[in-house]
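Everything on this sheet refers to the single structure shown next.
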Amino acid sequence: MSEWDNSGTAVVWGGEEQRFAEGAICLPVYNAVTFGYENVSEWFDVALGRKPGHVYSRNTNPTVRPLEEKIRILDRGEEATSFSTGMAAISNTLFTLLAPGDRVVTIKDTYGGSNKIFIEFLPRMNVEVCLCDTTDFDAIEREVMRGCTVVYFETPTNPTLKIVDIERLANVAHAQGAIAIVDNTFATPINQRPLTLGADLVVYSATKYLNGHSDVMGGLVVGRKDLVDRIFHYREITGATLHPHSAYMILRGMKTLELRLQRHNENGLRVATYLAQHPKVDRVFYPGLETHFNHAIAKKQMRGFGGMLSFSLKGDFDKVVTVLENLRYAHKAASLGSVGTLVGPPRTTSHVELTERERANAGIPESLIRYSAGIENGDDLIADLDQALDRV
Ligand SMILES: *Cc1c(COP(=O)(O)O)cnc(C)c1O
């Protein structure tokens, strides 16, 4: 697939081929809230969408629009729109597409915030939510075939890197006339393109790999035009708009997306392989390892396996504290997908609100450490882990 291989060019030029004022080679940050027209009938045409242009920055903005175009090109979508955060992208998408009486089928392992939308907010709107066991594709299929409006999942999942078969679930969703939505935050369009596997919509937290530097938040939705247009309309009215400066920062970060992902993929695989043979490590969760439960599906649908992994230690939580506190090249912080390595235990971060038993039911060991491998030198990351594990 040649288009697939030109992503190094698309991350740089996609959406940014136009000429800018004064010959500037960088897209200006248009802070303007509103856009003026001398010709009132032209203003009217733009406001009604009969002519291209911008009217008010809650709706569209000339710095934000190229970002939407870049992700559209990278993901092979028909249309894209943007949001102030990843959760705004996800919640606006679900609230646009679901109405009282509808049913949505999803998985237990969605991102914490998305899971809250499913268990707390959607039921309040009288939407029936079915949370399936993430790795039991037969059970998910059966639930989809009982009828639903939306099938929502992510792959790889957080924090145990489970893999969901995108093509299989998109097919069964379509057989039911349902919309298939994939959160592609972990993989990015460099490693995985759900739209080309049949998904209708892809959602992103641009806060993570897309921006890549942990210094700005944003969200994106890309896919079928009829659906994105409806989601855009919901967002332009309810107002979770991306700031032009944030859009600029994400566009800047995305220019190195392919280069960064190459290193993230390499470091993720190297660190996972190292940990898998370490005597103090109990289990390693990484889709690139041949021992991973769904490695074959990961291999089929991903170009690289990413920089996210998790591992558990033999023994209790004290050992996790020892390892974390002795790591030099790792921020002990929430979030992921940054140039710098980030580590944290799900027990006190993403899954702190669950009881020990609920974590066990979700397949999350108490001594699990989530590791977002950055783009540092891989030898340094492994040497750092080695000395920290030595102290256990
Ligand atoms: C972080 C994250 C989100 C939420 O994104 P925000 O930008 O923090 O709102 C959604 N999905 C996944 C997989 C994430 O990692």
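Whatever order the structure lists ligands and atoms in, that order sets their numbers, starting from 1.
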Q: Please could you name the atoms of ligand 1 that Glu154 approaches to less than 4.0 Å, counting only its heavy atoms?
A: 13 (C)
Q. What residue among Asn184, Thr155, Asp75 forms side-chain hydrogen bond (donor to acceptor under 3.5 Å, both in side chains) with Gln192?
A. Asn184
Q: Please report which non-hydrogen protein atom sits nearest to atom 2 (C) of ligand 1, along with the residue it belongs to and the distance in Å to one decimal place.
A: Lys208 NZ, 2.5 Å
Q. Can you check salt bridge (charged side-chain N to carboxylate O under 4.0 Å, His left out) on Glu236 and Arg58, steps first, answer last?
A. CA-CA 6 Å; Glu236 70 172 338; Arg58 173 158 33 78; over 6 Å; no
Q.
Give me the residue, atom name and distance of the protein heavy atom closest to atom 7 (O) of ligand 1.
A. Thr207 OG1, 2.6 Å
Q: Ignoring angles and geometry beyond distance, decide whether Gly86 reaches within less than 3.5 Å of ligand 1 through its nitrogen or oxygen atoms.
A: yes
(Q) Any salt bridge linking Arg359 with Glu366? Criterion: basic side-chain nitrogen under 4.0 Å from a carboxylate oxygen. (A) yes
Q | Pair Tyr286 + His292: ring centers closer than 6.0 Å | A | no
Q | Nearest-contact summary for atom 4 (C) of ligand 1 - protein heavy atom, Å | A | Tyr111 CE2, 3.4 Å
Q) So, Lys332 and Glu325, do they make that salt bridge, N to O below 4.0 Å? A) no
Q) Considering only heavy atoms of Met217, which atoms of ligand 1 have at least one such atom less than 4.0 Å away? A) 7 (O), 8 (O)
Q.
Below 30° counts as parallel, above 60° as perpendicular, anything between as tilted: where do the rings of Phe35 and His54 land?
A. tilted
Q. Can you check whether Ser205 has an N/O within less than 3.5 Å of an N/O in ligand 1?
A. yes
Q | Atoms of ligand 1 close to Leu336 [distance to a heavy atom under 4.0 angstrom, numbered from 1] | A | 15 (O)
Q: Answer yes if the ring centres of Tyr152 and Phe118 are under 6.0 angstrom apart, and no otherwise.
A: yes
Q) Looking at ligand 1, does Val203 have a heavy atom less than 4.0 Å from it? A) no
Q | Close approach of Asp183 to ligand 1, heavy atoms, under 4.0 angstrom | A | yes
(Q) For Asn158, which part has a heavy atom under 4.0 Å from ligand 1: side chain, backbone, both, or neither? (A) neither
Q: Using a strict cut-off of less than 4.0 Å between a Lys/Arg side-chain nitrogen and an Asp/Glu carboxylate oxygen, indicate whether Glu16 and Lys70 qualify as a salt bridge.
A: yes
Q) So is Thr110 close enough to ligand 1, meaning a heavy atom under 4.0 angstrom away? A) no
Q | Salt bridge present between Glu376 and Arg260 (N-O < 4.0 angstrom) | A | no
Q) Which one holds for Met87 and ligand 1: side chain close, backbone close, both close, or neither close, with close meaning a heavy atom under 4.0 Å? A) both
